[in-house]
Each structure stands twice: as structure tokens, then as C-alpha cells.
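The structure presented is a predicted model; accordingly, all values stated were derived computationally and were not measured. Per chain, numbering begins at 1; letters A, B, ... match sequence-line order.
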Amino acid sequence: MHIPINSGPSGSGGHSGRQAGLSDGGPATLVDSQAAAADLESNEAATTPLALEVADLGKNFRSGLLCRRIRGIEGVSFNVRRGEIFALIGHNGAGKTTTINCLLKLCRPDTGRVRILGRNHAERDARARVGYLPERPYFFEHLSGRELLRFYGKLLNLSGADLDVQVDRVLAQVGMTTAADRRLRQISKGMLQRIGLAQALLGDPELLILDEPMSGLDPIGRREVRELLRDLRSRGRTILLSSHIVPDVEMLADAVGILRGGRLVKSCERREIAAGASYMVHARAPGEDPQRWPTWLREAKPEQSGVALRIPAPDTTVLRGLLSSCHQDGMAVGSVETRHTGLEDLYLAVHEQGVRS
Amino acid sequence: MSASHVQALAMNTFRETVRDRVFYLVGVFGFVLLSATAVLSPLTVGAQGKIMTDVGLAAMVGIGLLVVVFVGSGMVRKEMDKGTIITILAKPVGRRTYLLGKFLGLNLTLTTMLGIMALLFGLALYVAPGTFSPRFLVAVYLTFLELTVINAAAVFFSTCVSSVLAAVFTLGVFVVGHLSDSIRDFGRLQGGPLQEKISTAVYYLTPNLEAFNVRGAVVHGDVIAADQVFMATIYGLGWTAILLLLAGGVFSRRELR
């Protein structure tokens with residue numbers, strides 16, 4: 001994914017840290033293959049066409065008789081490559097739904113430019129290739145699931161046998177075949193969410209925009225939806241989703257954008273989030289006087305029973321080099337601990353930063 | 001504007017009114033008709049047909065108005081408030097197409113209701129000896145045109161204001177529309193230059209619904225000229241087009257969130 005704005009400290013830091021670690025020693029084949037894989041990934045990223053281009057998107061609303069200005073979003077920019085899952089996360093009111101509504105031209109952005117699958121988002125044909133699930137999927141309660149899908153199918157210019165086939169296909173995809181003929185006013189919230197997802201899948205759209213797709217689903221339903229989204233990605237579909245449920249996003253997303261107060265304050269890729277993991281090595285100190293310790297131990301943190309050494313990136317090559325150095329200097333290693341700094345930590349850190357500022 | 005989209009939206013709206021049991025109102029019409037026959041007929045010796053025609057045609061207008069005010073004026077707003085509109089407009093459906101579909105859907109409901117009521121009414125006239133005249137169909141047709149104009153007004157208000165206000169304004173169009181001649185005459189005869197201007201403005205800015213009122217003529221057996229029906233048709237379609245264009249203009253600028 002190409003991200004034109006602030007990629008943040010942990011993003012670039014994690015990546016460069018890993019590169020620095022690679023030159024510290026270890027098997028040459030592993031170093032080479034890791035570097036080659038990283039290069040390949042970044043080259044691939046640069047050449048993959050974009051499904052969604054969002055630049056400097058801004059939207060304010062007016063409310064009440066005095067037309068009081070309510071800030072929606074400001075300067076939101078991000079790109080989504082074809083075939084990837086990009087997640088927008090943020091607190092309530094952070095601007096996720098406003099961003100999506102602007103993308104779909106449901107509200108007119110004050111500033112910015114949006115291109116969907118290479119076309120201006122105002123063009124109706126661009127929207128024909130997009131499937132959308134809203135945050136609160138209220139549908140016509142007088143219809144059954146199948147009738148609703150037939151109605152939406154007609155709006156996508158489907159008809160006849162093609163429409164029937166598509167409706168049956170999406171019902172099966174979301175596991176609603178048996179409940180398809182029940183009126184929507186009689187089904188549960190989770191089932192309604194599945195029907196909402198089914199209508200978004202009609203017409204086999206190239207880009208799916210899903211606002212809180214896991215909302216209202218039980219754990220099994222969430223897992224099924226995750227599997228469905230992975231399957232869609234494997235078939236080359238692009239997915240933009242917004243969610244509060246960070247673990248789900250972490251399991252699914254190739255790239256993440258964090259919105260706070262209407263601004264995209266951080267965006268990063270999956271490998272950058274994974275790079276947030278670290279190793280902590282606990283070893284016996286080489287002597288009682290730290291002044292006489294080898295120079296490479298300068299960064300070590302003294303502990304009651306020895307020293308703790310932190311490797312900021314999950315790099316086994318650096319770990320091996322460190323363990324070797326401990327062995328050479330006669331330091332018995334007590335334990336090696338893996339610490340994960342996942343998306344949730346990143347999200348909370350961004351939020352706390354916002355609270356402080 | 002896609003005809004298949006308009007058709008899908010119109011049929012969905014029609015189906016919604018059917019499943020929301022709006023057609024139960026036809027039962028109310030039947031009840032009114034039976035009551036009129038049973039209660040009023042013995043009191044009006046020799047004028048049974050007139051009474052039945054008068055009450056029957058008035059009931060058709062009243063029931064049609066109820067549907068337009070309570071269903072039509074909340075039609076678009078309800079979908080905006082609930083959010084169903086968002087999934088429709090996220091598809092390649094234009095906003096004007098959406099409005100036209102909703103309007104035609106409710107008009108299909110009105111047509112079906114008026115058709116059933118006209119059939120019941122015709123049967124009632126046929127059963128009562130010496131009262132049947134097919135001229136009542138002209139009144140039904142012009143009632144349909146009148147309700148079409150009010151439906152377009154309801155759609156327009158429903159894009160601008162809340163459901164409650166839209167219902168009040170739609171009802172206001174019905175009342176002022178039937179009094180517009182009187183309002184203009186009152187301004188000319190009683191008021192000063194300002195009042196005259198205001199009353200003239202009201203006259204021209206609201207549809208004159210008396211143009212569709214031939215109920216008195218049908219009751220009294222007067223001749224209804226074909227020209228009058230033709231001009232009323234042009235007038236009704238013109239007002240409908242103006243109101244729908246205005247609604248489309250407002251709705252295309254509407255922010256949805």
C-alpha cells in the first residue's frame with residue numbers, strides 16, 4: 001500500500017530497525033532471503049494498481065437554525081491497492097462513516113479528490129463496481145431476505161436467471177440460504193447483518209466498502225465473516241472496512257489507517273504492525289561492576305539477577321548474534337521472552353497521544 | 001435515468017404499502033358507502049343516487065388524501081432517518097430516479113385503491129335502482145389527477161422537512177388548493193394592494209385543486225365538457241412535473257449521513 005501521509009515513527013522505525021539488524025551477523029542465506037522478500041514486497045506494492053485513491057478529503061456539516069459548523073473530517077488521504085484489505089479504525093465520532101459517505105458521494109466533500117477503480121467517484125458507473133454495507137443495516141422490513149436481494153439486484157441491472165443465480169450465491173456465501181424467505185422484521189440483528197453483507201456482494205463487486213461488518217455478530221458469525229473476507233481477498237477483491245473491533249482488524253487487514261478527531265493520524269501496513277514485536281533476553285551479568293562490562297552491554301538494563309537486553313524488532317538473526325555474544329562473554333542466559341506490541345497497543349498509543357495533546 | 005431502476009423502486013414502494021395494510025382503507029370506503037346507503041337513503045326520498053354519489057366521491061378523495069398525507073409525506077424522510085436510502089443510493093441509482101420511483105410507487109397504490117373503490121361504487125350504484133351513470137368515472141379520473149398533484153407535493157415536502165411538517169404542509173396544499181379562487185377574490189375585494197399581491201401570489205404558487213373538482217356536476221347530472229377534462233389533465237401533469245423537478249433539485253443537494 002502506498003501511503004502519502006504521515007506513516008509515523010513505529011512504521012518506519014520498525015522497518016529500518018529490522019534492516020539494521022540484518023547486517024549484524026547470522027546466516028547469510030537467511031539475511032539475503034529476508035531482504036529479497038522485503039524488496040519484492042515493496043516492489044510489488046509500488047506496481048499494484050490502486051482500487052481507491054483518497055486525497056485531502058474534508059467535510060464539515062452545518063446544524064441547527066444558526067447553521068452551527070460541525071467538523072466531520074479534514075485532510076484525510078490514503079490509497080488502497082487492488083486485492084488488499086484496508087481497515088479504518090477509530091473511536092466513535094472519529095470520522096470513519098463520514099469518510100465512507102464522502103467516498104460514496106452520499107455527502108458532498110468540501111475538499112479533496114476521490115478515485116474509485118480509476119474513475120471519479122461522482123461517476124455512477126464507478127459505484128456500479130462497489131459493494132457497500134452501511135454501519136446500521138436497516139432494510140425494508142416488509143421484504144424477506146431473498147426479496148430484498150432481488151430488489152437490490154435489479155438496481156444493479158441484474159435480471160432473469162442471472163439475478164436468481166446471484167441471489168442464491170450471495171445467500172450461500174453469508175450462510176442465509178435457509179432463512180432467506182423470512183421477513184426481515186422477524187430476523188435477528190446478526191442475520192440482518194448477514195443480509196446486509198449479501199446485498200453488498202451482489203454483482204460480484206471489485207471493491208467492497210464495509211462499515212462495521214462484524215457488528216452484531218456472534219463469535220462464530222465473526223469468524224465466518226473473516227473467512228469470507230479472506231476468501232474475497234484471495235479472489236482479488238479489494239476491501240475497505242471500518243471497525244471498532246481491533247483484534248478482527250489485526251487478523252484481517254493488510255493495512256490500517258487510524259482516524260482521530262476527523263484526521264487520519266496514522267497509517268501503517270501489516271508488516272509494520274508485526275514489526276512492533278520485540279525480544280527480551282534475561283541473562284546473568286558478566287560481573288558485579290557495570291563499568292567493567294563489555295561495551296555491547298552498554299544498553300542493557302540491570303535486573304536483580306542479572307541484565308535484561310531488548311531487541312526492538314522480532315529478528316531471529318539479531319537474537320542469535322546476541323545469544324552468541326552472551327555465550328562468548330560467559331553470561332548464562334536465563335530466558336528469552338517475546339513481547340508483542342500489536343495493533344491495539346498502537347491504537348491506544350495514538351489515542352493517548354490525542355488525549356494528551 | 002434508468003427505466004428498470006424506476007420500475008424496481010416503484011414496485012418496492014407499492015409492495016410496502018400493500019404489506020403495511022394500507023389497502024384496509026378500502027374497507028373503510030365500503031363501510032362509508034354502506035352507511036350512506038343504509039342511513040341516509042330513507043331520509044332522502046328520490047335523491048338516493050345523488051346522496052350516494054356525493055358521499056362516495058367525497059370518501060374517495062378523503063381516503064386518497066389520508067394515504068398521501070400519511071404515507072407519501074413520510075416516504076422519503078423515513079428512509080433517510082432509518083438509513084435504507086443509503087444502500088440504494090450507494091448503488092448506481094440517481095437521486096432523481098429514486099424520487100420518481102417512490103412517487104410512481106405510491107401513485108400505483110392510489111390508482112389501485114381508486115380502481116377498487118370505483119368498482120365497489122359502480123356496483124353500489126348499479127344495485128340501487130335508477131342511480132347508475134358512468135359519468136362518475138370522470139370524477140374518479142380527476143380525483144386521481146388531484147391526488148397525483150398532492151402526492152408530488154408530499155414528495156417535495158418530504159425531501160425538505162420532517163415527516164410531521166411534510167404531512168402538515170401537504171394537508172395545507174389540499175386546503176389552500178381548494179380555496180385558492182376564494183383567497184384571490186378575497187384579496188382583490190377586501191384587501192389593500194399588499195393583500196391583493198399576497199393573495200395573487202398564493203393563487204399562482206399553489207395548485208388550484210378546484211380544477212379537478214367535478215363532483216358537484218356529476219351529482220347534479222350536469223354536462224362535463226371534454227375540454228375541461230383535457231385542460232385539467234394538462235394542468236395536473238404540469239404541476240406534478242414542477243413539484244417533482246423542485247423535489248429533485250432539493251434532494252440532489254441533500255447530505256445523507
Hydrogens and angles aside, do [X] and [Y] bring a side-chain donor and acceptor to less than 3.5 Å of each other?
X: B:Tyr141; Y: B:Thr233; value: yes
X: A:Asp56; Y: A:Ser77; value: no
X: A:Asn157; Y: B:His5; value: yes
X: A:Asp211; Y: A:Ser242; value: yes

*Spell out the residues in residues 187-199 of chain A that have some non-hydrogen atom less than 4.5 Å away from a non-hydrogen atom of chain B, in order of number; otherwise answer 'none'.*
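Under the 4.5 Å heavy-atom cut-off, A:Gln199 qualify.
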Measure [X] against the heavy atoms of chain A and call it side chain, backbone, both or neither at under 4.5 Å.
X: B:Ile88; answer: both
X: B:Thr87; answer: both
X: B:Gln7; answer: neither

*Can A:Arg115 and A:Glu123 be counted as an ion pair, charged N to O under 4.0 angstrom?*
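No, A:Arg115 and A:Glu123 are not salt-bridged.
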*Classify the ring geometry between B:Tyr98 and B:Phe251 as parallel (under 30°), tilted (30 to 60°) or perpendicular (over 60°).*
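Geometry flag for B:Phe251 against B:Tyr98: parallel rings.
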Heavy-atom contact with chain B under 4.5 Å, split by part of [X]:
X: A:Leu143; answer: both
X: A:Lys59; answer: side chain
X: A:Arg183; answer: side chain

To the nearest 0.5 angstrom, please state how far the [atom1] atom of [X] sits from the [atom2] atom of [Y].
X: B:Leu209; Y: B:Thr143; atom1: CG; atom2: OG1; value: 11.0 Å
X: B:Arg184; Y: B:Asn208; atom1: CZ; atom2: CG; value: 8.0 Å
X: A:Glu147; Y: A:Leu184; atom1: CD; atom2: CG; value: 8.5 Å
X: A:Leu158; Y: A:Leu163; atom1: CG; atom2: CG; value: 5.5 Å
X: B:Ile86; Y: B:Met80; atom1: CD1; atom2: CE; value: 9.5 Å
X: A:Leu210; Y: A:Ser243; atom1: CG; atom2: OG; value: 10.5 Å

*Determine, using ring centers only, whether B:Phe156 and B:Phe169 are less than 6.0 Å apart.*
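Ring centroids of B:Phe169 and B:Phe156 are no less than 6.0 Å from each other.
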*Ring centroid separation for B:Phe144 and B:Phe212, is it under 6.0 angstrom?*
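Judged by ring-centre distance (under 6.0 Å), B:Phe144 and B:Phe212 do not meet the cut-off.
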*In terms of heavy-atom pairs under 4.5 Å with chain B, which of A:Lys105, A:Lys154, A:Arg108 leads?*
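Ranked by contacts with chain B, first place is A:Arg108.
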_Partner chain B: residue of A:Leu104, A:Thr97, A:Ile100, A:Leu156 with the largest heavy-atom pair count (under 4.5 Å)_ =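 Going by pairs under 4.5 Å, I would pick A:Leu156.
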_Enclosure of A:Arg235 CZ (heavy-atom neighbours >12, cutoff 6.0 Å)_ =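 Check passes, neighbour count above 12.
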*Can you list every ring-ring contact (aromatic ring centres under 6.0 Å, His included) pair that touches residues 90-134 of chain A, not counting sequence neighbours?*
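For residues 90-134 of chain A, and leaving out neighbouring residues, the ring-ring contact (aromatic ring centres under 6.0 Å, His included) pairs sorted by first residue read A:His91-A:Tyr347, A:His91-A:His351.
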*asked:* For residues 55-72 of chain B, give me every residue with a non-hydrogen atom less than 4.5 Å from any non-hydrogen atom of chain A.
replied: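 Those residues of residues 55-72 of chain B which would need a heavy atom under 4.5 Å from chain A do not exist here.
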*Can you name the residues of residues 9-23 of chain B that have some heavy atom under 4.5 Å away from a heavy atom in chain A?*
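Within residues 9-23 of chain B, the residues under 4.5 Å from chain A are B:Leu9, B:Asn12, B:Arg15, B:Glu16, B:Arg19, B:Asp20.
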*Evaluate the criterion salt bridge (charged side-chain N to carboxylate O under 4.0 Å, His left out) for residue pair A:Arg119 and A:Glu53; output intermediate values, then yes/no.*
CA-CA 10 Å; A:Arg119 307 176 80 149; A:Glu53 298 161 71; over 6 Å; no
